[in-house]
Amino acid sequence: PLLTIVLSLSFLIIHLFFLSKPTVTISPTKMDPASPNTILLCTATGFYPLEIEVQWLKNGQLEEEGVAFGRSDETQPQRGDVYTCQVGHVSLEAPITVQWGNIFGNFCSWRGY
């Protein structure tokens, strides 16, 4: 029992010591985000451990159609919609959300840490 407690405590200390929070960004694949066939990329970097959950929301609703996964996550935007990349990771108390959309006639993005 004492060995189990020591091993569990050691694992917890090592696990907490090596947690790294992701940095999340959204970027369009074209210079003009309003052009046809633009794809939005949601990229999470700098996190550990490597298990991560990435979701796209379109106007606040989970978007599953037209979404591809890989090292980055991507979706194809439609004019007038607001897209949110939501990233969950064990190092975070709450998911990081980064928004991209047409606000006041301009396309803009926010970076999440």
Could you give the distance from [atom1] ([X]) to [atom2] ([Y]), rounded to the nearest 0.5 Å?
| X | Y | atom1 | atom2 | result |
| --- | --- | --- | --- | --- |
| Glu63 | Asp81 | CD | CG | 8.5 Å |
| Tyr83 | Cys42 | OH | SG | 14.0 Å |
| Lys21 | Ile96 | NZ | CD1 | 8.0 Å |
| Gln86 | Gln99 | CD | CD | 10.5 Å |
| Leu41 | Thr25 | CG | OG1 | 8.5 Å |

Side chain proximity check, [X] to [Y], heavy atoms < 4.5 angstrom:
| X | Y | answer |
| --- | --- | --- |
| Cys85 | Val24 | yes |
| Pro95 | Val87 | no |
| Pro28 | Trp100 | yes |
| Ser91 | Pro22 | yes |
| Phe47 | Ile52 | yes |

Are Ile39 and Leu57 linked, directly or through other ILVMFWY residues, by side chains that come within less than 4.5 angstrom of each other?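 Not linked; separate clusters.
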Looking at Asn59 and Val82, would you say the former's side chain and the latter's main chain have a donor-acceptor pair under 3.5 Å? yes
Hey, does the side chain of His89 reach the backbone of Pro49 with a donor-acceptor pair shorter than 3.5 angstrom? yes
